[in-house]
Q: 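Got a structure for you, written out below as structure tokens; questions coming shortly.
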Protein chains: 2
Amino acid sequence: MAAMSDADLLFKALADKGRRKLLDRLHAQDGQTLGQLCRHLAMTRQGVTQHLAVLEAANLVTVRWRGREKLHFLNTVPLQQVYDRWICKFEKPRLKALSSLKRRLEGGQG
Amino acid sequence: MAAMSDADLLFKALADKGRRKLLDRLHAQDGQTLGQLCRHLAMTRQGVTQHLAVLEAANLVTVRWRGREKLHFLNTVPLQQVYDRWICKFEKPRLKALSSLKRRLEGGQG
DNA sequence: TTGACATGCAAGTATATACTTGCCTATTAT
DNA sequence: ATAATAGGCAAGTATATACTTGCATGTCAA
């Protein structure tokens, strides 16, 4: 397979529903083991392992071993980079973007 | 092929270097014809057509016919949705995110 | 009305992807 | 020591993806 750029690794990692679900699961609870993550996907352990490997390659997930357990941690830095490079840049009406941000920061989810 | 969710269509559309290049080209100049877009990709016209179809399916590109020419327009709304659903939510340290936004809005690129 | 231009449609191929099954290894608990 | 647990590695399969080539169609200009 040809070497993929960071952006390719990242977007391809995000381009699968199962992998996005894994990110959601880690967002809900960080540092889960492979076994824990498997419980939420209708898929064999190997399938999940392979998805996690893709997320690792994209640097969206980091791993730490604890004995025989493999702990998985979310890394959100690449997502920030997606924003900087592919979303911020494409915000056509700049003021609209600004106002929607203000709305989010002031009103929402705080 | 199984029906894909909006998010799938969107991320898969973004998960190809050629398609991202097309988006960049349309960002540089909106409303280009197929022929114009072809000039920047080392690929046959059909290849480009197929990539554009993927972008259309993801609602990232909109099309208008002018006589025999097909004009392509960027639609940034789905990118905004990526931000709302996949980036904003995952900004782990909320205050850091806020400060980097402030930096962008006040200092940068203005 | 004929030719050149802009694009569409269909089929074919090679590679990549998403998954599985089967077996191997390392850690932990009894 | 042994068995259960947590996970790794490799190979195999089916489907999807990224392309290509060849031919057909609609539009414009002379």
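Excluded from the calculations below are hydrogen atoms, water molecules and symmetry mates; all remaining heavy atoms, backbone and side chain alike, are included. Quick note on labels: first sequence line is chain A, next is B, and so on, each numbered from 1.
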Q: Does B:Gln46 reach a base, just sugar-phosphate, or nothing at all? Heavy atoms under 4.0 Å.
A: base
Q: Scan for salt bridge (Lys or Arg N to Asp or Glu O under 4.0 Å) pairs involving residues 40-63 of chain A, sequence neighbours excluded, and state none if there are none.
A: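 Of all non-adjacent pairs touching residues 40-63 of chain A, those that pass salt bridge (Lys or Arg N to Asp or Glu O under 4.0 Å) are A:Glu56-A:Lys70.
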Q: Residues in side-chain contact (heavy atoms from CB on, under 4.5 Å) with B:Asn59, at least two apart?
A: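 Partners of B:Asn59 under the side-chain contact (heavy atoms from CB on, under 4.5 Å) test: B:Asn75, B:Pro78.
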Q: Considering heavy-atom distances to DNA chain D, does A:Arg45 or B:Val48 have its closest nucleotide positioned more toward the 5' end?
A: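 Per heavy-atom nearest nucleotide, the more 5' residue is A:Arg45.
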Q: Between the protein and nucleotides 11-13 of chain D, list the N/O to N/O atom pairs that are separated by less than 3.5 angstrom.
A:
none

Q: Determine: side-chain N/O of A:Thr49 to OP1/OP2 of D:dG7, distance under 4.0 Å, yes or no.
A: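 Checking D:dG7 against A:Thr49, no side-chain N or O comes under 4.0 Å of OP1 or OP2.
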Q: What residues, two or more places apart in sequence or in another chain, satisfy ring pair (Phe, Tyr, Trp, His ring centres under 6.0 Å) together with A:His27?
A: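 Per chain and number, A:His27 pairs via ring pair (Phe, Tyr, Trp, His ring centres under 6.0 Å) with B:Phe90.
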Q: Closest approach of A:Leu60 and A:Ala13, non-hydrogen atoms and distance?
A: CD1-CB, 4.1 Å
Q: Looking at DNA chain D, which of residues 35-44 of chain A put a heavy atom within less than 4.0 Å of it?
A: A:Gly35
Q: Please enumerate all protein N or O atoms sitting under 3.5 Å from an N or O of nucleotides 27-30 of chain C, with distances to 0.1 Å.
A:
residue: C:dT27; atom: O2; partner: A:Arg68; partner atom: NH1; Å: 2.9

Q: I'd like to know whether A:Lys17 forms a side chain to side chain contact (heavy atoms under 4.5 Å, CB included) with B:Met4, so could you lay out the CA-CA distance, the side-chain angles of the two residues, the decisive distance to 0.1 Å, and finally the verdict.
A: CA-CA 9 Å; A:Lys17 189 169 295 200; B:Met4 285 199 277; over 6 Å; no
Q: Look at the side chain of A:Arg19 and the backbone N and O of A:Leu14, then say whether any donor-acceptor pair between them is shorter than 3.5 Å.
A: no
Q: Can you tell me the distance, in whole Å, between the CE atom of B:Met4 and the C1' atom of C:dA18?
A: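 It works out to 14 Å between those atoms.
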Q: Ring centroids only, cut at 6.0 angstrom: are A:Tyr83 and B:Tyr83 within range, meaning strictly under it?
A: yes
Q: Under the salt bridge (Lys or Arg N to Asp or Glu O under 4.0 Å) rule, what pairs show up with a residue in residues 58-67 of chain A, not counting sequence neighbours?
A: A:Arg66-A:Glu69
Q: Rounded to the nearest Å, what distance is computed from the NE2 atom of residue B:His51 to the P atom of nucleotide C:dT7?
A: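 Taking atom P of C:dT7 as the reference, NE2 of B:His51 is at 17 Å.
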Q: When you measure from every atom of DNA chain C, which of residues 8-23 of chain A have a heavy atom less than 4.0 Å away?
A: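 Those residues are A:Lys12, A:Asp16, A:Arg19.
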Q: Enter the distance from B:Thr76:OG1 to A:Ile87:CD1 here, rounded to the nearest 0.5 Å.
A: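 Result: 10.5 Å between the selected atoms.
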Q: Please indicate whether A:Asp24 has more than 12 foreign heavy atoms, meaning atoms of other residues, nucleotides or ligands, lying under 6.0 Å from its CG.
A: yes
Q: Take the protein atom CD of B:Glu69 and the nucleotide atom C1' of D:dT25, then report the distance between them rounded to whole Å.
A: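 After rounding, the gap between these two atoms is 16 Å.
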Q: How long is the line joining CG of B:Leu52 and C1' of D:dA18, in whole Å?
A: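 It works out to 14 Å between those atoms.
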Q: B:His72: which residues meet the side chain to side chain donor-acceptor pair (under 3.5 Å) condition with it, sequence neighbours left out?
A: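 Per chain and number, B:His72 pairs via side chain to side chain donor-acceptor pair (under 3.5 Å) with no residue.
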Q: Round to the nearest Å and state the distance from A:Trp65 atom CH2 to C:dA26 atom P.
A: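 Answer to the nearest Å: 11 Å.
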Q: Indicate yes or no: at least one non-hydrogen side-chain atom of B:Val77 is less than 4.5 angstrom from one of B:Gln81.
A: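 Yes, at least one pair of side-chain atoms sits under 4.5 Å.
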Q: Using the C1' atoms of five pairs at each end, what's the angle between the two axes of the helix from C:dT1-D:dA30 to C:dT30-D:dA1, to 10 degrees?
A: 20°
Q: So, using side-chain contact (heavy atoms from CB on, under 4.5 Å) as the criterion, who are the partners of A:Gln32 when residues are at least two apart?
A: A:Arg25, A:Leu26, A:Gln29, A:Gln36, A:Leu37
Q: For A:Asp8, enumerate each residue passing the side chain to side chain donor-acceptor pair (under 3.5 Å) test, keeping only those at least two apart in sequence or located in another chain.
A: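 Side chain to side chain donor-acceptor pair (under 3.5 Å) check on A:Asp8 returns B:Arg20.
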Q: Does the pair A:Lys12/B:Asp16 count as a salt bridge with the N-to-O cut at 4.0 Å?
A: no
Q: To the nearest 0.5 Å, tell me how far A:Thr49 OG1 sits from A:Leu34 CG.
A: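 Reported to 0.5 Å precision, the distance equals 4.5 Å.
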